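Remember, predicted model here, so these are calculated numbers, not experimental data.
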Amino acid sequence: MRLKISQFLLSLVIISALMLGGCSTQQVASNTSSPISAATSITSEASTKTTSEATSVSQTNTESIPGLADLPRLEGKATVVLTVKGSPITIEVDGTNAPITAGNFVDLVQKGVYDGLAFHRVVREPQPFVVQGGDPQSKDPKISADRLGTGSYIDPKTGNARYIPLEIKSKGSDTPIYNKPFDATAQAVVLPHKQGAVAMARSQSPDSASAQFYFALADLAFLDGSYAVFGNVTQGFDVVNKIKQGDRIDSAKVTQGAENLKTPGQ
């Protein structure tokens, strides 16, 4: 059931309380990842984005988007199983409707990036919101808690952080919309924030998602059009509901669809 107005206002209170402070450098600021760090501006952004603008973006040739060809892509679907405290969470990853976002996630799973990482943000009060993890820094148990949520995946080949563009497909469109949030109340999305959705966390910059992801603990329609959903939990949502802040991912494995992952040069 979609959030009612009163629930929406409560969500904004949660958002305000969880916003992470900006940093002095552009890279660190862009690394401050949260499904809600930019949400105080979502309402104003959505009200000013027109359907015609979103449509024009969706029709952009993906080859013209800088760096897109250098990112992993999932052509089809895959199944990923996260094991947390010995219990499995099965995720259907949708590369049909979010090829770059899904490809990035599956590629990081294949590389073992998520093994041992902690869930650093769990918000259930005053209402169910999100469980967020995937900060590569959290593999170090000695990392300061106030740094968690600021990390990105660093490509060992280049020494640089890998970022992916915001990628959201609207209903009726052949291709996703890249780089720009849009008003999902005027243009519905194919992959909405339903309970059990899995999406990428990011900072205020639309193209700052890297490795951090979150589970939606409830229907969060007000995030649609602003954050990229790339899959959903098909089994083990009860396990998600038991995750506590500080719990770690025992392992992450691609159990089906690994052949659909296409990496640059492949």
Side-chain angles (χ1 to χ4, degrees), residues 33 58 60-84 88-117 132-136 138-139 151-169 173-179 189-191 196-202 206-216 227-236 240 249-266:
S33 299
S58 69
T60 300
N61 187 333
T62 56
E63 293 181 356
S64 68
I65 300 173
L68 206 65
D70 299 324
L71 294 170
R73 176 185 295 268
L74 187 68
E75 298 179 352
K77 294 187 177 182
T79 301
V80 169
V81 175
L82 299 185
T83 303
V84 179
I89 301 167
T90 303
I91 302 169
E92 181 183 74
V93 185
D94 190 344
T96 300
N97 295 300
I100 300 301
T101 313
N104 176 71
F105 182 75
V106 171
D107 182 59
L108 295 182
V109 170
Q110 292 279 59
K111 293 180 185 305
V113 171
Y114 292 118
D115 296 349
L117 299 191
Q132 182 177 331
D135 184 341
S138 68
K139 186 162 288 191
S152 300
Y153 167 67
I154 306 299
D155 188 336
K157 293 182 179 179
T158 64
N160 298 322
R162 179 204 285 176
Y163 298 112
I164 59 174
L166 181 65
E167 176 187 54
I168 306 172
K169 189 175 182 180
S173 176
D174 292 331
T175 59
I177 295 169
Y178 289 95
N179 308 112
V189 301
V190 176
L191 298 175
V198 189
M200 292 301 291
R202 65 172 178 84
D207 301 335
S208 57
S210 181
Q212 295 182 50
F213 66 94
Y214 60 92
F215 296 108
Y227 293 85
V229 173
F230 61 87
N232 66 91
V233 175
T234 57
Q235 291 182 319
V240 175
I249 299 170
D250 301 331
S251 66
K253 304 293 182 185
V254 180
T255 59
Q256 291 183 349
E259 70 278 5
N260 294 330
L261 178 65
K262 310 301 179 184
T263 55
Q266 189 177 41

Minimum side-chain heavy-atom gap Leu261-Pro72 below 4.5 Å: yes
CD-OG1 distance between Glu75 and Thr96, expressed to the nearest 0.5 angstrom: 10.0 Å
Heavy-atom closest pair, residues Met200 and Ser210: CE-O, 3.5 Å
Closest heavy-atom pair and its distance - Val106, Ala78: CG2-CB, 4.2 Å
Validation row: Asp155, Asn160 side chains within 4.5 angstrom (heavy atoms): no
Distance (rounded to the nearest 0.5 Å) between Phe230 CZ and Ile91 CD1: 6.5 Å
Nearest non-hydrogen partners of Pro165 and Asp207, listed with the distance: CA-OD1, 3.3 Å
Beyond-backbone contact of Lys169 with Thr175, side-chain heavy atoms, under 4.5 angstrom: no
Heavy-atom pair with the smallest gap, counting every atom of Val84 and Ile249: CG2-CA, 4.4 Å
The single option from Leu74, Val254, Val93 passing side chain to side chain contact (heavy atoms under 4.5 Å, CB included) against Asn260: Leu74
Minimum side-chain heavy-atom gap Glu167-Pro99 below 4.5 Å: yes
pair Pro206-Asn179: side-chain heavy atoms closer than 4.5 Å: no
Nearest-0.5 Å distance that lies between atom CG in Leu108 and atom CG in Asp115: 11.0 Å
Point-to-point distance, once rounded to the nearest 0.5 Å, from CZ of Phe215 to CD of Gln132: 11.5 Å
Student check: side-chain heavy atoms of Pro136 and Ile154 closer than 4.5 Å: no
side-chain contact (heavy atoms from CB on, under 4.5 Å) assessment of Ile100 paired with Leu68: CA-CA 8 Å; Ile100 300 301; Leu68 206 65; 3.8 Å; yes
Asn232 side, atom CG; Thr90 side, atom OG1 - distance, nearest 0.5 Å: 11.0 Å
Distance-minimising heavy-atom pair for Arg202 and Ser208: CB-OG, 3.5 Å
Tyr227 OH to Leu166 CG distance, which is reported to the nearest 0.5 Å: 9.5 Å
Listed once per pair and sorted, the salt bridge (Lys or Arg N to Asp or Glu O under 4.0 Å) pairs that draw on residues 88-107, sequence neighbours left out: Lys77-Glu92, Asp107-Lys111, Asp107-Arg162
Exercise: identify the closest heavy-atom pair between Ala211 and Tyr114: O-OH, 2.7 Å
Residue pair Ile164 / Phe105, side-chain heavy-atom distance below 4.5 Å: no
From CA spacing to verdict: side-chain contact (heavy atoms from CB on, under 4.5 Å), Gln235, Ile89: CA-CA 6 Å; Gln235 291 182 319; Ile89 301 167; over 6 Å; no
